[in-house]
Q: 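The following block contains the structure, expressed as C-alpha cells.
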There are 2 protein chains.
Amino acid sequence: MPFTGGGSGSGRSALDQRRIIDAAVRFIDEHGLRMLTMQRLGAYLGVEGMALYRHVPGREALLDGVVESVVDELFGDPDVHLEAHAGWVDYLQRLAHGLRRIALAHPEVFPLVATRPPAAPWVRPPLRSLRWIESMLEVMTDAGFSDENAAAVYRAFSSFLLGYLLLEVSGRGVETGPVEEPDVTPMEDLAGYPLLQRLEPHLSVDVAAQDFEEALEALLDRVALLLPRRRRPPRLTEGK
Amino acid sequence: MPFTGGGSGSGRSALDQRRIIDAAVRFIDEHGLRMLTMQRLGAYLGVEGMALYRHVPGREALLDGVVESVVDELFGDPDVHLEAHAGWVDYLQRLAHGLRRIALAHPEVFPLVATRPPAAPWVRPPLRSLRWIESMLEVMTDAGFSDENAAAVYRAFSSFLLGYLLLEVSGRGVETGPVEEPDVTPMEDLAGYPLLQRLEPHLSVDVAAQDFEEALEALLDRVALLLPRRRRPPRLTEGK
DNA sequence: ACCTGAACACCGTTCAAGT
DNA sequence: ACCTGAACACCGTTCAAGT
C-alpha cells in the first residue's frame, strides 16, 4: 500500500474540504498529477475513497480547488505581502516573484493552473484566482491606469507569467520516483537534428532565474508606457 | 451511437498511424479532449477500439502524435513557407502568425501542446516539434546570433507564444455541444469582486489580435538588441 | 495481416447499509 | 453524521481467437 501517510504531524481527525484539498496538493507534489485518483487520495487520507464525495462535489471540482488553493498561497507569502506595496511596479514585481516561487514549489500542480477551464466564463482564465485578479486590478486603477489599460495589463502580465513559468516548470521533476512515470514510448526518432545537438548545452543550461528578471523588467517598462503623461517611474533596486 | 462518421470524403479503407492521428485531431476539434477515448476514437473510424493498438503504442503516444501533427501543420502552411524567409525578423513573424492560426484552428488541442511531458528531456518543451526548433535555431545562428543567444531567443520566443496563445485560446468553444461539458459545479461563489464586475467589458472584449501584434513587436525589438554591433534591422511593413 | 471478443485491473460516482 | 460495501458504467490494455 504505497499511497498512505497523509499528514506529518496532523491529527488523523475528521475529513473536511480544506484537509482534502491540502492532501491533494501534497499528493500531486509527491506523486504527480497522473497518479491522483479518488481512491488513492482516500487511502492517502486513511479513508475509503468514496468518503471524499461527502465533502467534495467530484474530481473536477477538487482539481479546481487545488488550483485555487495553490494560487492563493500568494496571499500568505510574507515576501509578497501585497497590501503593503510601494507602487504598482513594486506590486507587480512581488506578485511575479511570488508566483514564480509557487510554480517552482509545485511544479506538478502548475500546469493545472494553466489548463483548467475558466471559472467565470467571461474572464480569460490564466492565473485563476479571482481574488488575485481583483487585487491586481485595484492596484492598477488606483495607480492611474484607465479601466481599459488595467485590463490590458492584466492580460499581458498573466500571459507572460503563464508562458514563462510553464516553460520553466516543464522538464523539472525528472527523478520523481524510482520507476514511476513509465517512459512513454515515443513515436519518433530523435536523430537528425544537428543544431539541437550542438546547442544542447545552451538549451539545457539553467539560466531561468536571470531570464525571468530580464523579461519581467522589459514587460514592466512596456506597461509603464501606458500610464498617461507621466515620466517613467524610476527603476527600482533589484527585488530579492 | 453519436461518435461515428470519420472522414468527409476519405475511403473507409485500411487503418494506419497517419489516419488514426488525423482522426484524433478532428475528434478533439469536434468533441474536446476530455471526450477522446480509445473506444470512441475507434468508433469514429468505424472500428472496434482495440484495433488501434495494432498501429499505435497506446493512448499517451497517440496524444504525442497529435501534438506533433498539429504543430507540424506549420510546415505545410503556404503563408508561413519558412524556407523562403527574408531575414530572421520576417521568419519569426511568420512563425508566430502561423502558430497563432494553428492555435485558433485547434483550440481544444493547443493546451495539450503546452502540457505534454518533454520529448527530449534536456530540451525545455514548449512548442514541441523538434523540426520546428531545429529550423528556428538554424535561422538565428545563420543570422549571426551566437549559440547562446539563439538558445535564449528560442526560450523567450516560445514562452511568449505559449503564454499568449494559451491565454487567448482558453475561454473559446463555449458552445461545443448541446449539453456536453457537464457544467462542473464550482466550489466557490463569484460574488464580491467589484473591480472584476466593473472591468468585465474590458476583460471580455476581444482585442487579442492587436494585443498579439504589439507584444510580438516588443519581443522582436528586444531580441534585436542581442545581435552584436549592428543597427537594429529596419521595421518591416505590417505582416498580413 | 488485421480486426474482434472476452477478460483484467482499474476508473469516477451513486446509494443503501452499517456504525 | 459520517464512512463503507457493493454495484454500475466506463476506462486502457492484452491476447487468444476469428477471418
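Reminder, nothing fancy here: chain letters follow the sequence lines and each chain counts from 1.
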Q: Assess whether side-chain contact (heavy atoms from CB on, under 4.5 Å) is satisfied between B:Glu108 and B:Met35, documenting all intermediate values.
A: CA-CA 11 Å; B:Glu108 300 281 344; B:Met35 299 302 284; over 6 Å; no
Q: What residues, two or more places apart in sequence or in another chain, satisfy side chain to side chain donor-acceptor pair (under 3.5 Å) together with B:Asp16?
A: none
Q: Got a sec, which residues hit side-chain contact (heavy atoms from CB on, under 4.5 Å) with B:Ala152, two or more places apart in sequence or on another chain?
A: B:Arg155
Q: Return the value, rounded to whole Å, for the distance between atom CG of B:Leu52 and atom P of D:dC11.
A: 13 Å
Q: Using whole Å, what does the distance between atom C1' of nucleotide D:dC2 and atom CD of A:Gln17 come to?
A: 16 Å
Q: Can you find a side chain N or O atom of B:His55 that sits less than 4.0 Å from OP1 or OP2 on C:dC2?
A: no
Q: Could you check whether any side-chain N or O of A:Arg198 sits under 3.5 Å from a backbone N or O of B:Asp147, counting only pairs where one atom can act as donor and the other as acceptor?
A: no
Q: Restricting to non-hydrogen atoms, name the atom on A:Ala215 and the atom on A:Phe160 that form the minimum distance, rounded to 0.1 Å.
A: CB-CE1, 3.5 Å
Q: Apply salt bridge (Lys or Arg N to Asp or Glu O under 4.0 Å) to A:Arg18 and A:Asp22, showing your working.
A: CA-CA 6 Å; A:Arg18 200 40 296 129; A:Asp22 289 348; 2.9 Å; yes
Q: For a quick check, with a 4.0 angstrom heavy-atom cut-off, what is the B/S/- contact string for nucleotides 12-19 of chain C, read 5' to 3'?
A: BBB-----
Q: List the residues meeting side-chain contact (heavy atoms from CB on, under 4.5 Å) with B:Val25, not counting sequence neighbours, and say none if there are none.
A: B:Asp29, B:Val66, B:Ser69, B:Val70, B:His106
Q: Just to verify, what does B:Ala156 make a side-chain contact (heavy atoms from CB on, under 4.5 Å) with, not counting sequence neighbours?
A: B:Leu219
Q: If a stem is a run of at least 3 consecutive Watson-Crick or G-U pairs, both distances under 3.5 Å, which stems include DNA chain C?
A: C:4-8 with D:12-16, C:12-16 with D:4-8
Q: How many Å lie between CG on B:Leu15 and C1' on C:dC2, as a whole number?
A: 9 Å
Q: Can you check the A:Glu48 CD to D:dA7 P distance for me, whole Å?
A: 15 Å
Q: Calculate the interatomic distance between A:Arg34 atom CZ and C:dC10 atom P; express it in whole Å.
A: 16 Å
